[in-house]
A.B. asks: 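Have a look at the structure that comes next, please.
Keep in mind that what you see is a predicted model, and the values were worked out from it rather than measured. These values consider heavy atoms only, across backbone and side chains, with no hydrogens, waters or symmetry-generated copies. Naming: A, B, ... by sequence-line order, numbering from 1 per chain.
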Number of protein chains: 2
Amino acid sequence: MIEIDAFDLKMLAALQDDGRLTNQQLADLVGLSASQCSRRRMRLEEEKVISGYHADLAGEALDFGLIAFIHITLATHSPDNAKRFRELVNRVDDIQDAYALTGDADYLLKVILRDLKSLSDIINNVLMPHQSVAHVRSSIVLDRLKESAKLPLKTLG
Amino acid sequence: MIEIDAFDLKMLAALQDDGRLTNQQLADLVGLSASQCSRRRMRLEEEKVISGYHADLAGEALDFGLIAFIHITLATHSPDNAKRFRELVNRVDDIQDAYALTGDADYLLKVILRDLKSLSDIINNVLMPHQSVAHVRSSIVLDRLKESAKLPLKTLG
DNA sequence: CATTTCATGCATGGATTGTGCATGATCATG
DNA sequence: CATGATCATGCACAATCCATGCATGAAATG
């Protein structure tokens, strides 16, 4: 495993907050020179500790008003069936996140959509008819309390 | 609502994929000059269509090996109770996402943790004892099929 | 047609980036 | 203790990038 020191941690936390910080800004924040921050950042990127940088878009401003969670139970637990389902998940862009879970449901999907009609569409025309799927249960998001996508790095070092 | 044309959409999609794209790279991708991309990007940031830029960190490399979803039912639906619960959610860094849902459970939390002991901790020492909480049910993530955090912009324009 | 408005590309001074290089700290070994 | 190897660091600098002023041309307005 790659060695990560206190400087790296500070840099990671800072870049998690603002992914477009310049090396100089980073340097001022963590107490190193800009060149050193450049070198460390490149190392963290190469080692895939930083897997990428992304702009965070406001869904509301782009007419994505609806988030929903969909619990899926597969028809059978055969490898073939799981594979078919994974291909479905990868194909459908509306599915933002997908997890295999312990508990009563096999998979949990998070979808982001324009409206209830789109949700109805995806459930009735995409998920339900798919041969791998046995049961579907959806929950609509009424309110988004928190959506940080950040690792709680403070609990480290 | 802010006007968004095809150039903007292309830029947003590109920056969603790579938040550190240069104005020149952006220009090559969308077919404008770099200066124009700079201006458009600034506008999209000011209008909060782009709400921020974030480095995406690899949890595994930083010893965050466990993701879990926790369904919460509140003790009562009083405003006071909901407020107390929201404060709890905001205070606890391990809670990455939190949503109020339709359906049987009131809230869905996504937590990212080091191990099962941490999960046990947060359930038994943070959530269960809290006066606002009546019922807790957790599901552990066995596999992460997809975690894009991206809007499906292709379905637009 | 005349005027206004506005998005655009170009030019440019100032900031940013990555890399070569010398320095100093740390550490293992004789 | 002395020596040498290793490595992170800061500085210097050339290449690149950024934001802004400015002129142009297209579209809208009267």
A.B. asks: Output all residues satisfying side-chain hydrogen bond (donor to acceptor under 3.5 Å, both in side chains) with Arg144(A), sequence neighbours left out; order by chain, then residue number.
C.D. replies: Glu60(A), Glu147(A)
A.B. asks: For the residue pair Asp121(A) and Ser118(A), confirm or rule out a side-chain donor-acceptor distance under 3.5 Å.
C.D. replies: no
A.B. asks: Expressed as a whole number of angstroms, how long is the span from Arg41(B):CZ to dT20(D):P?
C.D. replies: 12 Å
A.B. asks: Between Thr76(A), Asp80(A), Asn81(A), which is the residue that forms a side chain to side chain donor-acceptor pair (under 3.5 Å) with Ser78(A)?
C.D. replies: Thr76(A)
A.B. asks: With sequence neighbours left out, what residues match Glu45(A) under side-chain contact (heavy atoms from CB on, under 4.5 Å)?
C.D. replies: Arg41(A), Ile50(A), Tyr53(A)
A.B. asks: Take the C1' atoms of the five end pairs on each side of the helix from dC1(C)-dG30(D) to dG30(C)-dC1(D), derive the two axes, and give their angle rounded to 10 degrees.
C.D. replies: 30°
A.B. asks: Expressed as a whole number of angstroms, how long is the span from Arg40(B):CZ to dG9(C):C1'?
C.D. replies: 13 Å
A.B. asks: Using atom names, set out every protein N or O paired with an N or O of nucleotides 24-26 of chain C below 3.5 Å, distance rounded to 0.1 Å.
C.D. replies:
none

A.B. asks: Under the side-chain contact (heavy atoms from CB on, under 4.5 Å) rule, collect the residues that match up with Ile140(A), sequence neighbours excluded.
C.D. replies: Leu66(A), Leu116(A), Leu119(A), Thr102(B)
A.B. asks: To the nearest 0.5 angstrom, please state how far the CD1 atom of Ile112(B) sits from the CD1 atom of Ile95(B).
C.D. replies: 13.0 Å
A.B. asks: Please confirm whether the backbone N or O of Asp63(B) pairs with a side-chain atom of Arg114(B), one donor and one acceptor, at under 3.5 Å?
C.D. replies: yes
A.B. asks: In whole angstrom, what separates Met11(A)'s CE from dT9(D)'s P?
C.D. replies: 10 Å
A.B. asks: Check every strand shown and say whether Arg43(A) touches a base, only sugar-phosphate, or nothing at a heavy-atom separation below 4.0 Å.
C.D. replies: nothing
A.B. asks: Excluding sequence neighbours, so at least two apart, what forms side-chain contact (heavy atoms from CB on, under 4.5 Å) with His54(B)?
C.D. replies: Asp56(A), Lys150(A)
A.B. asks: So which of residues 17-25 of chain A are in contact with DNA chain C, with a heavy-atom cut-off of under 4.0 Å?
C.D. replies: Thr22(A), Asn23(A), Gln24(A)
A.B. asks: For residues Leu62(B) and Leu12(A), determine if any side-chain heavy atom of one lies less than 4.5 Å from a side-chain heavy atom of the other.
C.D. replies: yes
A.B. asks: Could you give the OH-to-C1' distance, from Tyr53(B) to dC18(D), as a whole number of Å?
C.D. replies: 13 Å
A.B. asks: Can you list everything that forms a side-chain hydrogen bond (donor to acceptor under 3.5 Å, both in side chains) with Arg40(B)? Sequence neighbours excluded, please.
C.D. replies: Asp5(B), Asp8(B)
A.B. asks: Could you identify which residues of residues 31-39 of chain A place a heavy atom less than 4.0 Å from some atom of DNA chain D, listed by residue number, or say none?
C.D. replies: Leu32(A), Ser33(A), Ser35(A), Gln36(A), Arg39(A)
A.B. asks: Can you sort out the partners of Arg39(A) under side-chain contact (heavy atoms from CB on, under 4.5 Å), two or more places apart, ordered by chain and number?
C.D. replies: Ser35(A), Gln36(A)
A.B. asks: For residues 88-107 of chain B, which residue pairs pass the ring pair (Phe, Tyr, Trp, His ring centres under 6.0 Å) check, not counting sequence neighbours?
C.D. replies: Phe69(A)-Tyr99(B), Phe85(B)-Tyr107(B)
A.B. asks: I'd like to check the side-chain hydrogen bond (donor to acceptor under 3.5 Å, both in side chains) partners of Asn90(A); sequence neighbours left out, ordered by chain and number.
C.D. replies: none
A.B. asks: Can you tell me the distance, in whole Å, between the CG atom of Leu44(B) and the P atom of dA19(D)?
C.D. replies: 13 Å
